[in-house]
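First comes the structure, then the notes that go with it.
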Amino acid sequence: MKKLLLHSTFSLVIITNMFSLMRFSNDDFFYLLKFGAFVFHIVLLLLLILNNKFYVSKATKKITVVFYFWMLAMVIGLLNSIIFSDFISIMLTTISYFLLFFYSFFILPNFLRLEGISFYSLIKNVFYSISGVMLFSVIISIGDPLAYHLDPTSLRNRYYAFFDHPNFLGLYSTLGIIVTILMFSLCKMKLSLVTIPFYLYLIILSGSRTALIMSFIFILFVMFMNVSTKLLRFIFINPIAIFFLFAISIILITMVNSESFIDTLDKLLSNRITIWTDLIASNKSSLMHFLFGQGNLNSEVSRDNYYVSVLIDNGMIGLGAFLIMITLVIRTLLMNKKIDKVHMYAAILMFIVMLYSFSESIFYTLGNVFSLFLWVLVGYILNIKTFEKPIRN
């Protein structure tokens, strides 16, 4: 019964989250519903295990301390928000960040431990939920004149399906590919591979270059997993790597015409560099804004970069705390002596999302299923050693 409640409410969270990014007539309803479904899911699981003892790994305790510093920067950033509506919006966002962390690192791992439920069953849940919604989005958009739109910037005829933006279609198609590979590798379901051509085709139709590149990198890293793991260990564990990467960057800058290169890159990224530069410049209006952010920048321009968003909202201190947190997470995943496939997949996925977040604000948020799946996976792995009994597969 408890397993059924877990999977049914978890599916509800995924479906309502994806529906909130679609072109329904009442977008606000699904936007509120996705957060309501998540809160209901958390409260339900918490009530079911409330009288049991929680277990937390040492790694989670360290990450929690850094997360609290990031939360502190968010709270101070609230004080820099002048408009009351912005204050309420940022406060709700801060609460959602806390709920995501509490759920991923504490509630869900302990619920799985206490009920003896395999995490692989959640992977299957995500696979079937995403596949169903994506298929629904394609079918319902048949004959819809709004399913295609000519991008005025790049003059590409991009496919939306039933999503608000083609980048959402590309994002969830990328997640579909990732979850499908996990289904094949961890859950031994070979038949799931038939969905990969479907997702790749949707990515090509969406015209999302970031989704296509990230999907290619993930597949490449999985194909050469031992090499990619060593590469990630070199980047995140070896202190020499920082100086090595810095030296390569300096050499590349001196070899090319920096102005023309930036202009070309800016056009390739749909003028995102210009937008980011203007946003960062606006954050230097005062020392408090620079250190703790503006809470929320009064701009209708999409930032399309998670790191810029954190810098604007939480300042340099908040950005520093966030970068320390994700570095600590990925180092913990890679430094485990008994590293297995699950650890390696999580580390690769973490790295992919780090890259993806340079052009889309997806890293840590309840706003999309990609982020939710990443942190649920990380929270499970980092707390797996605290399990008193083996988990049934």
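- For the residue pair S121 / S118, no side-chain donor-acceptor distance below 3.5 Å is found, with atom types taken as modelled.
- Counting only distance, with no hydrogens or angles, the side chain of S57 and the backbone of L382 share a donor-acceptor pair below 3.5 Å.
- Nearest heavy atoms, M350 versus V378: SD-CG2, 4.2 Å.
- Residues T16 and A37 come closest through the heavy atom pair OG1-CB, 3.8 Å.
- Legend: residues meeting side-chain contact (heavy atoms from CB on, under 4.5 Å) with F67, ordered by chain and number and at least two apart, are W70, M71, F98, F101, M325, Y364.
- Residue pairs satisfying the salt bridge (Lys or Arg N to Asp or Glu O under 4.0 Å) criterion with at least one member in residues 174-199, sequence neighbours excluded, are absent.
- The closest side-chain donor-acceptor pair between T180 and S192, if any, does not fall under 3.5 angstrom.
- The shortest side-chain heavy-atom distance between V56 and F105 does not fall under the 4.5 Å cut-off.
- No donor-acceptor pair under 3.5 Å is formed between the side chain of S137 and the backbone N or O of V133.
- Follow the hydrophobic side-chain contacts under 4.5 Å out from L323 and you never reach V65; the two are in separate clusters.
- Under a cut-off of 6.0 angstrom, the local environment of CZ in F69 is sparse, with at most 12 non-hydrogen atoms contributed by other residues, nucleotides or ligands.
- Going from atom CG of L50 over to atom CD1 of I107 covers 9.5 Å, rounded to the nearest 0.5 Å.
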Practice task
List the steps and the verdict of side chain to side chain donor-acceptor pair (under 3.5 Å) for Y55 and T60.
Solution key: CA-CA 10 Å; Y55 291 87; T60 296; over 6 Å; no
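- For the pair A346 and I381, the tightest heavy-atom approach, listed with the atom from each and the gap, is CB-CD1, 3.3 Å.
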Exercise for the section: Apply side chain to side chain contact (heavy atoms under 4.5 Å, CB included) to Y199 and I130, showing your working. Expected result: CA-CA 11 Å; Y199 287 127; I130 291 177; 3.9 Å; yes
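- In this structure, OG1 on T64 lies 10.0 Å from CG on L328, to the nearest 0.5 angstrom.
- No donor-acceptor distance shorter than 3.5 angstrom exists from the side chain of K34 to the backbone of F19, with no hydrogens or angles considered.
- Follow the hydrophobic side-chain contacts under 4.5 Å out from M223 and you reach M183 in the same cluster.
- F221 places a side-chain heavy atom less than 4.5 Å from the side chain of L231.
- Looking at N125, its side chain does come within 3.5 Å of a backbone N or O of H7 through a donor-acceptor pair.
- Nearest heavy atoms, R113 versus K53: NH2-O, 2.8 Å.
- For F162 and F24, the gap between ring centers is short of 6.0 Å.
- The two residues S357 and I362 come nearest to each other via the heavy atoms OG-CG1, 3.6 Å.
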Practice task
Apply side chain to side chain contact (heavy atoms under 4.5 Å, CB included) to the pair L108 and L6, showing each step before the final yes or no.
Solution key: CA-CA 9 Å; L108 185 61; L6 167 68; 4.0 Å; yes
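- From I139, atom CD1 reaches atom CG of L135 across 4.0 Å, with rounding to the nearest 0.5 Å.
- H343 has its side chain out of reach of L334: every pair of non-hydrogen atoms, C-beta onward, lies at least 4.5 Å apart.
- Separation of atoms CE (M225) and CE (M344) is listed at 5.0 Å; rounding is to 0.5 Å.
- Note on L146: it does not cluster hydrophobically with F163, by side-chain heavy-atom contacts below 4.5 Å among ILVMFWY residues.
- Using a 4.5 Å cut-off on side-chain heavy atoms (C-beta onward), I177 and I203 make contact.
- Through side-chain heavy atoms spaced under 4.5 Å, either directly or across other Ile, Leu, Val, Met, Phe, Trp or Tyr residues, V194 is tied to L191.
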Exercise for the section: Could you give me the CA-CA distance, side-chain angles and deciding distance for I348 and F218, then say whether side chain to side chain contact (heavy atoms under 4.5 Å, CB included) is met? Expected result: CA-CA 7 Å; I348 293 172; F218 182 82; 3.7 Å; yes
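- Formation of a donor-acceptor pair under 3.5 Å by the N17 side chain with backbone atoms of V13 is not found in this model.
- Side chain of Y307 to main chain of M354: a donor-acceptor pair is present (N/O by atom type, distance under 3.5 Å, no hydrogens or angles).
- The same ILVMFWY cluster, assembled from side-chain heavy atoms under 4.5 Å apart, contains both L47 and I49.
- Using a 4.5 Å heavy-atom threshold, the side chains of L112 and Y380 count as touching.
- For T9 (side chain) and H41 (main-chain N/O), no donor-acceptor pair under 3.5 Å exists by modelled atom type.
- Residues F38 and L366 are in side-chain contact: their nearest non-hydrogen atoms beyond the backbone lie under 4.5 Å apart.
- Of the possible polar contacts, none joining the S131 side chain to the Y128 backbone as a donor-acceptor pair under 3.5 Å is found.
- Residues satisfying the side-chain contact (heavy atoms from CB on, under 4.5 Å) test with S208, not counting sequence neighbours, are R158, N167, S206, T210, A211, Y356.
- The CD1 atom of I330 sits 8.0 Å away from the OG1 atom of T327 when rounded to the nearest 0.5 Å.
- Scanning for side chain to side chain donor-acceptor pair (under 3.5 Å) contacts around S185 gives K341, Y345, with sequence neighbours left out.
- Side chains of M189 and F127 form no contact here, defined as non-hydrogen atoms less than 4.5 Å apart.
- Annotation: the span from T195 atom OG1 to L200 atom CG amounts to 9.5 Å, rounded to 0.5 Å.
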Exercise for the section: Output, in order, the C-alpha distance, side-chain angles, deciding distance and verdict of side chain to side chain contact (heavy atoms under 4.5 Å, CB included) for Y159 and V138. Expected result: CA-CA 10 Å; Y159 180 56; V138 172; 3.9 Å; yes
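- In the hydrophobic clustering of this structure, Y160 does not group with I204; members are Ile, Leu, Val, Met, Phe, Trp, Tyr whose side-chain heavy atoms approach within less than 4.5 Å, directly or through other members.
- M134 approaches S173 most closely through the heavy-atom pair CE-OG, 3.3 Å.
- With contacts defined as side-chain heavy-atom distances shorter than 4.5 Å, the pair F119/V342 does not qualify.
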With a 3.5 Å cut-off and sequence neighbours excluded, list the donor-acceptor pairs that the side chains of residues 369-377 form with protein atoms.
from: S371; atom 1: OG; to: F363; atom 2: O; distance (Å): 3.0
from: S371; atom 1: OG; to: T365; atom 2: N; distance (Å): 2.9
from: S371; atom 1: OG; to: T365; atom 2: O; distance (Å): 3.1
from: W375; atom 1: NE1; to: F363; atom 2: O; distance (Å): 2.9

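- The closest donor-acceptor contact from the side chain of N305 to the backbone of S359 lies at 3.5 Å or more, if one exists at all.
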